[in-house]
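Remember, predicted model here, so these are calculated numbers, not experimental data. Here is how names work: the chains are called A, B, and so on, in the same order as the sequence lines, proteins then strands, and each is numbered from 1.
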Amino acid sequence: MPPRRTRLPRAFYRRDTVHVARELLNKVLAMPDGRAGRIVEVEAYCAGIDPAAHTYRGRTARNATMFGEPGHMYVYFTYGMHWCANAVAWEHTPGAGVLIRALEPIAGVDAMHDARGGVSERLLCSGPARLTQALGITGDLNGADLVKGAGPRIYDDGTAPPLHPIATPRIGIRHGLEHLWRFVVPGNLHVSPARVKMVQA
DNA sequence: GTTTCGATTGTG
DNA sequence: ACAATCGAAACC
């Protein structure tokens, strides 16, 4: 018998972005075709004070979704080839959300492999662009409602977030490294291989 | 209008 | 360590 899935209410996303990031650990991201994975790594990007956030310099055509209603999905294109997915989440200041960085695959794994080519299961969804490729998320889904609608959803299947998630600096950014806003499920094997950016000596 | 660079990944 | 690859942001 499959675990019961509870839809996350809009109010879930309408809270402090860092808090939502931690609460999203161990939730389930599911696509309409059945592909689904457990969220095991996230990063919070905050409004106003956070120079690493796309929204730091204000609203643009690209980041407009982040200024919209919490609980929608902000999908952006980067490095000329990759899509990344966020859950819009903010309480008082618009323009913030949670980057989903890694999933543990739990359903539709064959379809994920078809979408990703011959990669190991461990690397199937272990990175922000890997998981969008595995699930088939592209810019078409920018703005999709994760709470209502027929598109991607985030569910609670009864698995609580870790009591003590690992907190680290965020990956691949140049500013805002002092904030420990990357959160990881301790011991999970599907976390992205944390590449430390090499610095020229 | 032109240039720079990125919330990354795969390969060498 | 570095190329791939292109649109948005930044700069003039």
Side-chain angles (χ1 to χ4, degrees), chain A residues 13 17-18 20-22 24-25 29 37 39-68 70 72-90 93-103 105 112-143 146 152 154 165-184 189-201:
Chain A
Y13 300 96
T17 308
V18 172
V20 173
R22 294 173 58 123
L24 278 174
L25 289 178
L29 174 59
I39 298 169
V40 296
E41 175 182 349
V42 296
E43 285 176 355
Y45 286 89
C46 297
I49 60 164
D50 181 9
H54 287 170
T55 54
Y56 183 56
R57 293 162 199 277
R59 179 179 178 137
T60 66
R62 177 209 207 188
N63 65 29
T65 301
M66 290 275 261
F67 290 87
H72 287 241
M73 188 161 71
Y74 167 50
V75 183
Y76 68 89
F77 185 65
T78 191
Y79 290 101
M81 63 195 98
H82 296 305
W83 297 100
C84 295
N86 302 251
V88 176
W90 47 265
T93 310
V98 179
L99 173 67
I100 301 172
R101 285 194 57 90
L103 304 176
M112 293 188 198
H113 277 289
D114 289 345
R116 287 272 294 133
V119 301
S120 67
E121 167 119 6
R122 202 183 79 74
L123 294 178
L124 195 52
C125 298
S126 302
R130 288 175 177 144
L131 72 90
T132 57
Q133 187 181 23
L135 295 184
I137 293 172
T138 69
D140 297 347
L141 291 176
N142 182 38
L146 292 166
I154 294 179
I166 297 169
T168 79
R170 293 165 292 175
I171 306 295
I173 59 169
R174 306 181 57 162
H175 305 289
L177 288 166
E178 69 276 20
H179 300 298
L180 304 183
W181 286 345
R182 172 175 175 256
F183 300 102
V184 174
L189 298 177
H190 296 271
V191 165
S192 71
R195 287 195 195 191
V196 177
K197 199 153 225 170
M198 289 304 157
V199 181
Q200 182 69 39

Practice item. May I have the distance from A:I100 (atom CD1) to B:dT8 (atom P), rounded to whole angstrom? Key: 14 Å

**Study point:** Nearest-Å distance for atom pair CZ/C1', residues A:R174 and B:dT4
**Key:** 11 Å

Review point. So which nucleotide does C:dT5 pair with, by the Watson-Crick or G-U wobble rule with both distances under 3.5 Å?
Key: none

**Study point:** From CG (A:L141) to CE (A:M73), nearest 0.5 Å
**Key:** 4.5 Å

Review point. Say you pick atom C1' in C:dC6 and the same atom in B:dG12; how far apart are they, in whole Å?
Key: 24 Å

**Study point:** Rounded interatomic separation in angstrom, taking CG from A:L123 and C1' from B:dT8
**Key:** 13 Å

Revision key, fill the gap. Partner of B:dA7 under the Watson-Crick or G-U wobble criteria, both distances under 3.5 Å, comes out as none

Practice item. Would you check if A:T55 and A:W90 make a side-chain contact, meaning some heavy-atom pair closer than 4.5 Å? Key: no

Review point. What's the CZ-P distance between A:R170 and B:dT8, to the nearest Å?
Key: 11 Å

Point to revise | Rounded distance in Å - CG (A:L99) to C1' (B:dG6) | key: 13 Å

Check your understanding: Are any of the side-chain heavy atoms of A:Y76 and A:T65 separated by less than 4.5 Å?
Key -> no

Exercise for review: Please work out which of the three classes, parallel, tilted or perpendicular, describes the rings of A:W83 and A:F77, given edges at 30° and 60°.
Suggested key: tilted

Review point. Looking for any heavy atom pair under 4.0 Å, which part of the strands does A:A129 touch: base, sugar-phosphate only, or nothing?
Key: sugar-phosphate

Practice item. Report yes if at least one side-chain N or O of A:R116 is closer than 4.0 Å to OP1 or OP2 of B:dT9; otherwise report no. Key: no

Exercise for review: Give one of base, sugar-phosphate or nothing for A:R182, where a contact means two heavy atoms less than 4.0 Å apart.
Suggested key: nothing

**Study point:** d(OH, A:Y76; C1', B:dG6) in whole Å
**Key:** 9 Å

Check your understanding: Can you tell if the side chain of A:V75 reaches within under 4.5 Å of the side chain of A:T138, non-hydrogen atoms only?
Key -> no

Point to revise | Interatomic distance at P, B:dA7 relative to C:dC11, whole Å | key: 15 Å

Review point. What's the CD1-P distance between A:I171 and B:dT9, to the nearest Å?
Key: 10 Å

Practice item. Could you tell me the separation between the CD1 atom of A:I137 and the C1' atom of B:dA7, rounded to a whole number of Å? Key: 15 Å

Exercise for review: Look at A:R101 and B:dA7 and indicate whether a side-chain polar atom (N or O) is within less than 4.0 Å of OP1 or OP2.
Suggested key: no

Review point. Given A:E43, which of A:R22, A:R170, A:R101 fulfils the salt bridge (Lys or Arg N to Asp or Glu O under 4.0 Å) condition?
Key: A:R101

Exercise for review: Step by step, work out the side-chain hydrogen bond (donor to acceptor under 3.5 Å, both in side chains) result for A:Y56 and A:H175.
Suggested key: CA-CA 11 Å; A:Y56 183 56; A:H175 305 289; over 6 Å; no

Check your understanding: In whole Å, what separates the P atom of C:dT5 from that of B:dT2?
Key -> 24 Å

Review point. What string of B, S and - do you get for nucleotides 5-12 of chain C, 5' to 3', if B is base contact, S is sugar-phosphate-only contact and - is no contact with any protein heavy atom under 4.0 Å?
Key: BB-SSS--

